[in-house]
Amino acid sequence: MPFYIRREVSKLWKRICAETATEINLLAENWKYILGGLIFQYIHGLAARGVHYIHRAGPTLQDVGFFLLPELGQDKAYISEIVFTFIFVSFVLWTFHPFILKSKKVYTVLIWCRVLAFLVMCQFLRIITIYSTQLPGPNYHCREGSNLARLPPPDNILQVLIIIPRGVLYGCGDLIFSSHMIFSLVFVRTYHKYGTRRLVKHFAWLIVVVQSFLIVASRKHYTVDVVVAWYTVNLVVFFVDKKLPELPDRPSGGGAFLLPLSKDNKTKEENHHKLVNGNSGDSADWRPRTQINGKTMEQGNVEAVTIGP
C-alpha cells in the first residue's frame, strides 16, 4: 500500500475515533431523548396498525389529484417507495458525515434529538387525526374485495404488537396525514437549515415535491393527506424549532472534536482573562491612557496639566 494511502487511512481512523468519543459523551447526556423518540416511533406504528382493524373498505372518494394525475398502476406503485427510500437513506448518511469528513457543522446525536422531537410532535397529531375519521383507503389492497382491506380480530397479543412487515407494507385507514411526507419534510427542512450545499438543498425540495405527486399518482393517499402534511409539518417544525435550544457551532481547527464550553466554564475562562489582563473586561477599562509626570491619566479626563521644572 502506498505511503500516502496509509497516511490518509490513519488520519481517517483517528478522525472516526475522536468523533466517536465526542458523540458517546453527547449520547450519555441525551440518551433519554433518543430512546423516547425511538419508542414513540413504535407507538406510532401500533396506532397505525390499530386503525387497520377498524378500517372499512368503500368506494374511492372524489379527489382532484386523481383527476389531474394519471394512475401509475399497481405494477408501478414501487416508484414512490424508491424515492422515499432515497430521501430517508440520504438523510441518515448525512447525519453521520461528521465521522468521516473534515468539514462538519453538526453533532450526530444532537441533530437526531432535534429530528426525533419534530417527528414525535407530528406523529402525535397524526394519531389524533387518523382516529378521528377513517376514510376508505384508495390503495389497491385497501379497496372493496381485497382480503387485506380490514384485519381480522387478533388471536393473541403478539399479532397486535408485531407490526413488521405486514403493518408497514399493507396498512389501511391511516391516511390524514401522510407519514411518508412527515419524514420527508422533517428531513429536508433539517438539511435546509444545517446543510452546507445550496444545490443539494434545492434538489432535496424538488425531490419532495416529486414524491408528493407520486404518492397521489400511485393512489396511496388522497390529495388532502399530502396537502395537510405540507402545512402541518412545516408549522410544527417552525414552532418546535423555536422552543428548542439552538445547536452549538462546532469549533474549527485543532478543536474540531471538542465539545462546546458550558456556561460555567465560559464564565471561568472570562474571569481568568480579566485577571491576566489586570482589568474587569469592561470597555471603559480598555480606553487609552496617557502617562504624565509618572501618573497615568485617562484620555478625555485631562483638562489642564502643569509640568514642573
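By convention here, the first residue in the shown sequence is residue 1. Keep in mind that the numbers below use all heavy atoms, side chains included, and drop hydrogens, waters and symmetry copies. Treat the numbers as computed from the prediction; the structure is a model and nothing was measured.
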Exercise. Kindly compute the distance separating CG (L110) from CG (L247), expressed to the nearest 0.5 Å.
Key: 6.0 Å

Would you tabulate the side-chain donor-acceptor contacts of residues 193-203 under 3.5 Å, counting partners in other chains and residues two or more places apart, or write 'none'?
| unit_1 | atom_1 | unit_2 | atom_2 | d |
| --- | --- | --- | --- | --- |
| K193 | NZ | D241 | OD1 | 3.1 |
| K193 | NZ | D241 | OD2 | 2.7 |
| K193 | NZ | E246 | OE1 | 3.1 |
| Y194 | OH | R114 | NE | 3.0 |
| Y194 | OH | E246 | OE2 | 2.8 |
| K201 | NZ | H192 | O | 3.1 |
| K201 | NZ | G195 | O | 3.2 |

Practice problem: Could you tell me which non-hydrogen atom of C113 sits nearest to which non-hydrogen atom of I34, and how far apart they are? | Solution: SG-CD1, 3.6 Å

Exercise. Count the heavy atoms belonging to other residues, nucleotides or ligands that lie under 6.0 Å from CZ of F86, then report whether that count exceeds 12.
Key: no

Quiz item: Quick one: does Q211's side chain have a donor or acceptor within less than 3.5 Å of a partner on I207's backbone?
Solution: no

Self-check item: Beyond-backbone contact of R143 with T60, side-chain heavy atoms, under 4.5 angstrom
Solution: yes

Quiz item: Around atom CZ of F213, are there more than 12 heavy atoms of other residues, nucleotides or ligands at under 6.0 Å?
Solution: no

Quiz prompt | Side-chain heavy atoms of W94 within contact of F187, under 4.5 Å | solution = no

Practice problem: Hey, could you give me the CG/OG distance between L69 and S218, rounded to the nearest 0.5 Å? | Solution: 10.0 Å

Self-check item: Euclidean distance, I87 CD1 relative to H180 NE2, rounded to 0.5 Å
Solution: 10.0 Å

Quiz item: Are W205 and L185 close enough that some pair of their side-chain heavy atoms sits under 4.5 Å apart?
Solution: yes

Self-check item: Y42 vs L46 side-chain heavy atoms within contact, under 4.5 Å
Solution: yes

Quiz item: Does any non-hydrogen side-chain atom of Y107 lie less than 4.5 Å from one of W112?
Solution: no

Practice problem: Provide the closest heavy-atom pair for C122 versus I182 in the form atom of the first, atom of the second, distance. | Solution: CB-CG2, 3.8 Å

Exercise. Please list, chain by chain and in numerical order, all residues satisfying ring-ring contact (aromatic ring centres under 6.0 Å, His included) with F118, sequence neighbours excluded.
Key: none

Self-check item: Backbone N/O of A149 and side chain of H55: donor-acceptor pair under 3.5 Å
Solution: yes

Quiz item: Does the side-chain contact (heavy atoms from CB on, under 4.5 Å) test come out yes or no for L135 and T133, once each step is laid out?
Solution: CA-CA 6 Å; L135 304 178; T133 303; 3.9 Å; yes

Quiz prompt | V120 to G37 - nearest heavy-atom pair and separation | solution = CG2-CA, 4.0 Å

Quiz prompt | For the student: nearest non-hydrogen atoms of V160 and R49, plus distance | solution = O-CD, 3.5 Å

Quiz item: Would you say the side chains of R126 and H44 form a donor-acceptor pair under 3.5 Å?
Solution: yes

Quiz item: Are side-chain heavy atoms of C142 and L148 found at a separation under 4.5 Å?
Solution: no

Practice problem: Measure the CG-CG distance between L27 and L35 for me, rounded to the nearest 0.5 Å. | Solution: 10.0 Å

Quiz prompt | From CA spacing to verdict: side-chain contact (heavy atoms from CB on, under 4.5 Å), H221, M181 | solution = CA-CA 11 Å; H221 277 279; M181 293 303 301; over 6 Å; no

Quiz item: Going by heavy atoms in the side chains, are F183 and F84 under 4.5 Å from each other?
Solution: yes

Quiz item: Taking E81 for the side chain and A77 for the main chain, is one N or O donor matched with an acceptor at less than 3.5 Å?
Solution: no

Practice problem: Answer yes or no: is there a side-chain heavy-atom contact under 4.5 Å between V208 and W230? | Solution: yes

Practice problem: Report the distance from atom CG of D75 to atom CD1 of I79, rounding to the nearest 0.5 Å. | Solution: 8.5 Å

Practice problem: Considering non-hydrogen atoms only, spot the tightest contact between T108 and E23 and give its length. | Solution: N-OE2, 2.9 Å

Practice problem: State whether the number of non-hydrogen atoms from other residues, nucleotides or ligands found under 6.0 Å of N156 atom CG is greater than 12. | Solution: yes

Quiz item: Remaining members of Y140's ILVMFWY cluster at a side-chain heavy-atom cut-off under 4.5 Å?
Solution: none

Quiz item: Under a 4.5 Å side-chain heavy-atom rule over Ile, Leu, Val, Met, Phe, Trp and Tyr, are L125 and I130 clustered together?
Solution: yes

Quiz item: Quick one: do the H141 and Q74 side chains pair a donor with an acceptor below 3.5 Å?
Solution: no

Quiz item: So how far is it from R15 CZ to I100 CD1, rounded to the nearest 0.5 Å?
Solution: 8.0 Å

Quiz item: Would S178 and D225 count as having a side-chain donor-acceptor pair, cut-off 3.5 Å?
Solution: no

Self-check item: Main-chain N/O of Y53 paired with R150 side-chain donor or acceptor, under 3.5 Å
Solution: yes

Quiz item: Just by modelled atom types, is the L61 backbone N or O under 3.5 Å from a matching donor or acceptor in the Y222 side chain?
Solution: yes

Self-check item: F66 atom CZ: more than 12 heavy-atom contacts under 6.0 Å
Solution: yes

Quiz prompt | Worked verdict on H52 versus D174 for side-chain contact (heavy atoms from CB on, under 4.5 Å) | solution = CA-CA 7 Å; H52 199 170; D174 55 327; over 6 Å; no

Practice problem: Using the side chain to side chain donor-acceptor pair (under 3.5 Å) rule, take S80 and K220 through it: C-alpha gap first, then chi angles, then the decisive distance, then the call. | Solution: CA-CA 9 Å; S80 64; K220 295 180 179 179; 2.8 Å; yes

Self-check item: Verify same cluster id: Y231, V224 (apolar side-chain graph, 4.5 Å)
Solution: yes

